[in-house]
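Sequence lines set the chain letters: A, B, ... in the order given, protein chains first and strands last, and positions in each chain run from 1.
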Amino acid sequence: MNALRRHRKLQAIWASDPGWKGWTSSVNHSDLGRMFLFTAFFFFLVGGVLAMLIRAQLATPDSAFVDAGAFAQFFTMHGTIMMFLFAIPAFEGLAIYLLPKMLGTRDLAFPRLTAYGYWCYAFGGALLLVAMLFGIAPNGGWFMYPPLTGPLYSPGINTDVWLIGITFVEISAICAAVEFTVSILKYRAPGMSLDKMPIFAWYALVTSLMILTGFPPLILGSVLLEVERAFGLPFFQADLGGDSLLWQHLFWLFGHPEVYIIFLPAAGVISTVIPVMARTTLLGYGWIVASIMALAFLSFGLWVHHMFTTGIPLMGLAFFSAASTLVAVPTGVQIFAWIGTMWKGRPELHMPMLHILGFFVTFVIGGLTGVMVAVVPFDWQAHDTAFITAHLHYVLFGGFVFPMLAGIYYWLPLVSGRKRLFRLGELAFALIFLGFHSTFLAMHWVGLLGQRRRIETYDAESGWGTINFISSVSSFVMAIGLALVLVDIIIHAFVAERSRRNPWQAGTLEWAGMSPPASYNFASLPEVSDRTPLYETPDLANRLAMGDGYLGAPKAARRETLMVDAASGRPEALVIYPGNTRLPILMAAMTGGFFLSILLKLFWLTPLALAGVAALALVWVWQLGARADQGLQEAGRGAPLPLASEGDRSPGWWGSIFLLVANATFFGSLLFGYAFLWTVAPGWPPAQWFVPSWAELGLGTGAALTGAIAQHLSARRNRAGAALMTALVPALLATAATVVVFGLMLFRLPPPDGHAYAATLLILGAYGLAHALLVMLMQGFLILQVRRGYTSPRRRAAFAVVALWTDYLAAITVLILLAVHLPGMIM
Amino acid sequence: MGLLIGCSGDLSVVDPAGPAARVIATLWWVMFIGAGLILALVVALVIGAFRVRRTEGDAARDEKVWIIGLGLCFSIAVLTALLAYGLVAGERLMPRVAADVVRVQAEARQWAWRFSYDDRPGYITENLLHIPAGRPIDVAITSRDVVHSFWVPRLAGKLDAIPGHVNVLRIEADAPGTYRGLTAEYNGEGYRRHVFSVKAHDPAGWAAFVAEGTP
């Protein structure tokens, strides 16, 4: 088979449906990566317009351009859009697009999940936009502090739009994070051991793990606040045993890691681009990997530095101040490693490099002011002033936008297969750089002069007029620069001439395919023995196209790739991907129905939407089943491999592991909230305790443990080829008993709108009940699969997945029952 | 001199009028100069990368210089020094026990402040806080509705007013006069106009203020 025939054959298997209808059924990572990036930059534009409205309002004193109410919607939506609808999705889009190409594989681990994540993002973002057009956008500031955002002081729908829209969008972040983690660990080119991964993959891996552990606290906070608003459960009301500080802890427990979740991928771009621009290799690869991990670890220990003014005791302040300054060390290591890389090589001033220089100046200033506000006494002055606004823009624009612009100019030839025509980018860079620094340097100054953030105007006597005017004019210069980048890219996409492959002469695998990339990425998968395979084997691209690697012989209608050992990169199994489908968009629409039913208080619709989601999920999993063993498969280069679905560690198992990591963080945050309210909130102890029951405690614990044991037994019996129903049915019945125990508990609660104690128990019980029902659904599904002949001693992947969830249910059941029954027994 | 003029203003953090604000203003100037030097170093190093042309160096030596030397040792040294300075400065701002401390209460609500005085029980002022100049004041801050923050930029840093909690802030004014105060946590549409004044009396004026409340 020659290269062209192989290309045609693979194209027939992998291509998305033609035309715009193809967008709704595509599960291809290149398509979805582009859709993510396109949508994210659309929101960047919207957020930018809001920023210009804000600066227009503040340009002159006593401005009457907009009133305080509209202004509150502007600054809330500006922050919300830039954080949740631009920065995180732009990272997701970039990583979705690049990771499989860099890792030398054909797609991400869960193609349909990629699509589902995209549609959740698109629909959730649209919800926020529509709200803004109707003038009912969120208006409590992007960190939404209650009680201001509680039912008493914000009775309108605005806050609900934020809580529900953002939670909807966060589904896509969690999906992407699970997907990246599994893809990076298990879906790489053969031979690519962890230490040979492109550095960007390390950044994406750590970022993904941070999303899995950083987002759940905010999701929990949003759930609690929405439940307080919709049903009057007083989590944040001091007079009913709640505490508004709980929100601040949950929010910043998310919010500070969030800053690094935004910065790390951008740093990954810099670590990728600098060595190529300097014609050398990255200095201190191992040091950088270690510093990324240190950064991730430390970033979870400094959320309180957003709360230095809330009256935290001095010892606490000292600890968090130390952690906040310490986090600058791994950042410093990376900065100096990058500069060292430039000294090691011969840097060339191409377009991406300009934005990297912009990054250096901007981010270093942002980091230095960051260290300043980590020093507690200074923060007491700077907090909530324009100084902080300026600082965070230096960090985010310096640490994200400049690197992203560098990345865009770096990878544009890969995406389009063209080279730049005009020198518009250089002018755009100059305008952006000058405009940005004049805007925000001025803002530091006016902050020190006492201008608070979020005021809609100021008096002429304040003396801030000139500084604000400079700031506003400069912000428009910056906006023109950003608009020129857009024009540059549009010209590039439509007019520019064809470029040769790998114009920067980079060494990583994304340049070893076609430009623009083919739907299947690589005609055959490379065997990798180096961090820069293209330097070692300059004609790698041709050899892959000729089928020299793995999986070079496409089989009819099967989208194939390899799963490898996480550490060594040794090929382990053959994966068959699902093809184009509209299931993800349908599922996202149904999920949207669930969120809308709560937003619009159409509670009769909620169970219907949930049932719809469950039904679609069952179809989703059912489609992966096979009714006959396939046995070992030919993967090229000798070694035959088993199918990934014919083993214990299927993609679904890996995905479940990391989804459960996020889930456990959510549960852990809930227990933290319970303990926090108990120890810190005024208004405790509650007037009425839950009446404990040894019988319920014993029955629930026994049932949960029995369910887990029976489930494991079923897996063992399946491997042995023994009868299964004797284990599967008891497992299902045991889970049903846990459902009953949680039901009883919820029924016997003290009134949950009377005190935060009972309200917290309600959430704990509902969490347990939901998981018990979910596990029952899984067990019932497994029984159905067994009866229809979808399992065999070889086809056993589903057993391991269900066992994982049953184990999780057992663990949370025991913890919840103890947390609920013990206090009543002791008190 | 031009710089100093650019710093003045009745809400300016860098125009302190009390010991706490002065400690913080000094801290700011030290950090500002330090940050300027570090920025200059980094920019010089980045520019240097484009000028210097060397033959391929030794990787182990490069790691020692850039990563261990600059990345680890330099960062840790600077940060440790700053952290220690910050902690000492912070310690000085804490409300410590002293004989002449005056206690007042500040209660925030949308969009007003209500002040009461231990030295003059039962007396309440709205949006105007009376204090004696030259004596330490402990302000016990709380809120009746949403989160607010008590801030008199020329006297001290800010501290939040949180429903259900009482936070104590130590402030002090060097000299008699009127100082402007702000709420510094977004609290709804009236946020901008949610301001107050602090009137610092000389000893005679304070004695008179207290005496008016004595029956």
Side-chain angles (χ1 to χ4, degrees), chain A residues 68-69 72 141 145 147-148 153 238 243-245 283-284 287 309-311 314 317-318 321-322 325-326 328-329 332-333 335-337 339-340 342-344 346-347 357 360-361 364-365 368-369 371-372 375-378 380-381 383-385 448-450 452 454-457 462-463 681-683, chain B residues 9 11-14 23-24 27-28 31 35 38-39 42-43 45-46 48-50 52-53 57 59 62-63 65-67 70-72 74-76 79 82-83 86-87 89-91 93-94 110 145-147 149 153 156-160 162-165 167 182 184-189 191-192:
Chain A
Y145 281 0
L148 179 64
Y153 303 101
D243 195 334
S244 60
L245 280 178
L283 176 71
W287 283 101
T309 64
T310 57
L314 185 64
L317 292 180
S321 178
T325 32
L326 198 61
V329 175
V333 166
I335 300 253
F336 287 113
I339 301 177
M342 287 165 61
W343 280 63
K344 185 157 87 84
R346 290 166 173 272
L357 295 182
F360 270 116
V361 176
V364 168
I365 295 177
L368 290 167
T369 52
V371 171
M372 292 180 189
V375 176
V376 178
F378 182 68
W380 285 337
Q381 284 287 25
H383 189 71
D384 270 315
T385 67
L448 289 181
L449 293 183
R452 294 169 288 168
R454 297 177 172 175
I455 48 170
E456 75 278 14
T457 188
S462 63
Chain B
L11 289 170
S12 175
V13 169
V14 282
V23 167
I24 298 174
L27 179 64
W28 152 252
M31 291 195 298
I38 294 173
L39 177 66
V42 173
V43 169
L45 288 174
V46 171
F50 287 87
V52 179
R53 283 286 168 269
D62 279 350
E63 281 194 9
V65 171
W66 291 100
I67 291 173
L70 283 164
L72 285 174
F74 173 70
S75 307
I76 290 176
L79 292 168
L82 181 62
L83 185 67
L87 287 179
E91 177 62 34
L93 304 182
M94 283 293 132
Q110 282 178 329
D145 43 31
V146 305
V147 179
S149 194
K158 60 183 73 64
L159 199 59
D160 290 355
I162 297 166
H165 295 269
N167 289 326
L182 302 166
E185 182 66 63
Y186 183 72
N187 60 12
E189 289 188 11
Y191 178 55
R192 180 176 65 87

Would you mind checking which part of [X] comes under 4.5 Å of any heavy atom in chain A, side chain (CB onward), backbone (N, CA, C, O), both or neither?
X: B:Leu93; answer: side chain
X: B:Leu45; answer: both
X: B:Met31; answer: both
X: B:Leu72; answer: both
X: B:Leu87; answer: side chain
X: B:Asn167; answer: side chain
X: B:Ile162; answer: side chain

Rounded to the nearest 0.5 Å, what's the gap from [atom1] on [X] to [atom2] on [Y]? Could you check?
X: A:Thr385; Y: B:Leu11; atom1: OG1; atom2: CG; value: 11.5 Å
X: A:Phe378; Y: B:Ile24; atom1: CZ; atom2: CD1; value: 9.0 Å
X: A:Phe360; Y: A:Ile339; atom1: CZ; atom2: CD1; value: 5.0 Å
X: B:Leu79; Y: A:Thr325; atom1: CG; atom2: OG1; value: 6.0 Å

Based on non-hydrogen pairs under 4.5 Å, which of [options] is most in contact with chain B?
options: A:His383, A:Met342, A:Arg452; value: A:Arg452
options: A:Val376, A:Leu245, A:Val361; value: A:Leu245
options: A:Leu448, A:Leu326, A:Val375, A:Val364; value: A:Leu448
options: A:Gly69, A:Ser462, A:Gly683; value: A:Gly69
options: A:Ala72, A:Pro682, A:Ala681; value: A:Pro682

* Structure fact -> Counting heavy-atom pairs under 4.5 angstrom with chain A, the leader among B:Val65, B:Asn187, B:Asp145 is B:Asp145

* To do: Name the member of B:Ile67, B:Leu159, B:Val43, B:Leu39 that forms the most heavy-atom pairs with chain A at distances under 4.5 Å.
  => B:Ile67

Could you check whether any side-chain heavy atom of [X] comes within less than 4.5 Å of a side-chain heavy atom of [Y], counting everything from C-beta outward?
X: A:Thr310; Y: B:His165; answer: no
X: A:Leu148; Y: B:Gln110; answer: yes
X: B:Asp62; Y: A:Trp343; answer: no
X: B:Val146; Y: B:Pro163; answer: no

* For the side-chain contact (heavy atoms from CB on, under 4.5 Å) test, which of A:Leu283, A:Ile335, A:Val333 pairs with B:Trp66? -> A:Leu283

Quick one: what part of [X] sits under 4.5 Å from any heavy atom of chain B, side chain, backbone, both or neither?
X: A:Thr457; value: both
X: A:Tyr145; value: side chain
X: A:Ser244; value: side chain

* Do the side chain of A:Gln381 and the main chain of B:Pro153 share a donor and acceptor less than 3.5 angstrom apart? -> yes

* To do: Assess A:Arg454 against B:Tyr191: is NZ or CZ under 6.0 Å from the centre of the six-membered ring, and within 45 degrees of the ring's axis?
  => no

